[in-house]
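Let me begin by presenting the structure, written as structure tokens, before commenting on it.
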Protein chains: 2
Amino acid sequence: MKLGEGVEAAIHCAAMLAGVDGDATIPGAAMAEAFGLSPSYLLKHLNMLSVARILESVPGPAGGYRLARPAEHITLLDIVLAVEGREPAFRCGEIRRNGPARLDVSAYVKPCGINAAMLKAEKAYRAALAEAKLSDIVSEFMTDADPRSVAAGCAFVARHQRPQKSSSTKQA
Amino acid sequence: MKLGEGVEAAIHCAAMLAGVDGDATIPGAAMAEAFGLSPSYLLKHLNMLSVARILESVPGPAGGYRLARPAEHITLLDIVLAVEGREPAFRCGEIRRNGPARLDVSAYVKPCGINAAMLKAEKAYRAALAEAKLSDIVSEFMTDADPRSVAAGCAFVARHQRPQKSSSTKQA
DNA sequence: CTATTGCAGATAAAAAATATCCACGATAAA
DNA sequence: TTTATCGTGGATATTTTTTATCTGCAATAG
């Protein structure tokens with residue numbers, strides 16, 4: 001049972017993007033620098049978030065990424081599933097039917113009880129992640145984290161975010 | 001997020017061992033054959049279950065494995081942790097402090113909120129697994145599975161289990 | 001036009017999971 | 001006592017997955 005490092009990166013990036021003004025964007029390279037990550041590889045993960053409609057990407061200069069919807073409507077489950085895939089962690093290989101004395105396939109129509117129990121646990125896991133909204137993560141960070149850390153994060157966003165020319169004008 | 005195949009093998013083996021009479025044992029090679037698994041590799045997993053005191057191993061002819069305690073006191077969590085390790089799936093790399101503008105370490109004493117949320121979800125996952133007793137898995141299999149499958153399983157256990165000479169005599 | 005950005009695909013390097021083998025100690029049975 | 005069977009531990013190989021890099025391409029603000 002292991003989660004790739006991309007999950008941590010994706011959540012941190014999403015949290016950072018929650019702090020931009022209006023429809024401004026932050027380039028992926030800037031976020032890679034902020035977290036000391038490999039730019040090329042981080043782009044892979046950010047792209048998966050784009051495909052999952054969690055982020056929006058804007059090409060060209062002044063381009064980059066921004067949230068595709070308000071942070072209140074993005075959960076950690078959304079991000080984890082986008083990066084890690086939607087398949088369950090436990091995949092039943094149906095090894096019970098791999099023995100030398102194989103029965104007819106009709107003997108295995110009932111689902112494997114072990115599989116059911118494992119899937120039930122993962123359902124609980126996902127339910128807990130679905131409860132964690134990105135907006136909660138951000139606001140908790142703002143109030144609980146060390147002021148220097150908060151200030152540094154906000155300064156970084158302010159320095160790297162790029163306002164868009166078209167669109168309405170400012171933020172909501 | 002992925003669970004190794006060893007988990008499925010370990011649970012199936014433990015369930016099989018729950019069906020032996022008294023202190024009899026079943027050799028690892030027999031269980032590997034029953035599930036069509038590589039014997040050498042399955043032994044690795046069975047050994048981890050032994051180290052975790054979930055199984056007991058008996059060397060020599062008439063040796064093999066048996067449950068170290070009643071199936072009522074073995075949970076899927078016990079098995080999963082024994083095989084996959086006890087570390088959480090999400091490991092916080094503290095990438096927030098890896099940027100170019102590093103703050104003093106004192107700015108990071110507060111735990112990462114993202115880490116806390118991920119750990120909370122995994123706690124729910126483990127709690128659900130802790131609810132699933134091996135005895136439940138077995139009894140559910142006995143009553144719900146196809147009779148042919150149950151009969152085949154019981155026959156296999158009866159054919160391969162090996163009673164122990166010493167010890168009290170029979171089971172409790 | 002030019003520079004910057006995201007994207008897709010090929011590729012490579014590193015790490016982990018899976019699998020095999022052999023020497024060893026224990027032990028039941030012959 | 002001898003022999004064959006079993007689990008253990010270590011070394012090693014194979015395969016798969018993860019992580020990382022690079023190149024060419026399309027989009028676009030200035």
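Letters A, B, ... are given to chains in the order of the sequence lines, protein chains preceding strands, and every chain is numbered from 1.
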Those residues of residues 48-58 of chain B lying under 4.0 Å from DNA chain C by at least one heavy atom: none

Check: N115(A) side chain, C112(A) main-chain N or O, donor-acceptor pair, under 3.5 Å: no

Backbone of R126(A) reached by a side-chain donor or acceptor of E131(A) within 3.5 Å: no

Between C1' of dA28(C) and CZ of R162(B), the distance in whole Å: 10 Å

Name each donor-acceptor pair under 3.5 Å that joins a side chain in residues 133-142 of chain B to protein atoms two or more places apart or in another chain, with its distance.
from, atom 1, to, atom 2, distance (Å)
S139(B), OG, S135(B), O, 3.0
S139(B), OG, D136(B), O, 3.2

Euclidean distance, atom CG of residue N47(A) to atom P of dA20(D) [Å, nearest integer]: 17 Å

Out of dC6(D), dA28(C), dA3(C), whichever nucleotide has its closest atom nearest the side chain of P61(A): dA3(C)

Exceeds 12 heavy-atom contacts within 6.0 angstrom, atom CZ of R69(A): yes

DNA chain D: 5'-proximal contact among P39(A) and P59(A) (nearest heavy atom): P39(A)

Spacing between L43(A) atom CG and dT18(D) atom P, to the nearest angstrom: 19 Å

Dump the pairs, protein N or O against N or O of nucleotides 15-19 of chain C, anything under 3.5 Å, distances to one decimal.
from, atom 1, to, atom 2, distance (Å)
dT18(C), OP1, E5(B), N, 3.1
dT18(C), OP2, Y41(B), OH, 3.2

For R162(B), all residues meeting salt bridge (charged side-chain N to carboxylate O under 4.0 Å, His left out), sequence neighbours excluded: none

Salt bridge (charged side-chain N to carboxylate O under 4.0 Å, His left out) involving E56(B) - partner list, sequence neighbours excluded: R66(B)

Nucleotide dG6(C), atom P - distance to CD1 of I26(A) in whole Å: 11 Å

When the side chains of residues 32-51 of chain A are checked against the rest of the protein, which donor-acceptor pairs come out under 3.5 Å, sequence neighbours left out?
from, atom 1, to, atom 2, distance (Å)
S38(A), OG, Y41(A), N, 3.2
S50(A), OG, L46(A), O, 3.3

Residues R96(B), E94(B): salt bridge by 4.0 Å N-O rule: yes

Spacing of L42(A) atom CG relative to dT18(D) atom P, expressed in whole Å: 17 Å

L46(A) CG to dG6(C) C1', straight-line distance once rounded to whole Å: 10 Å

Donor-acceptor pair between R148(B) and S106(A) side chains, under 3.5 angstrom: yes

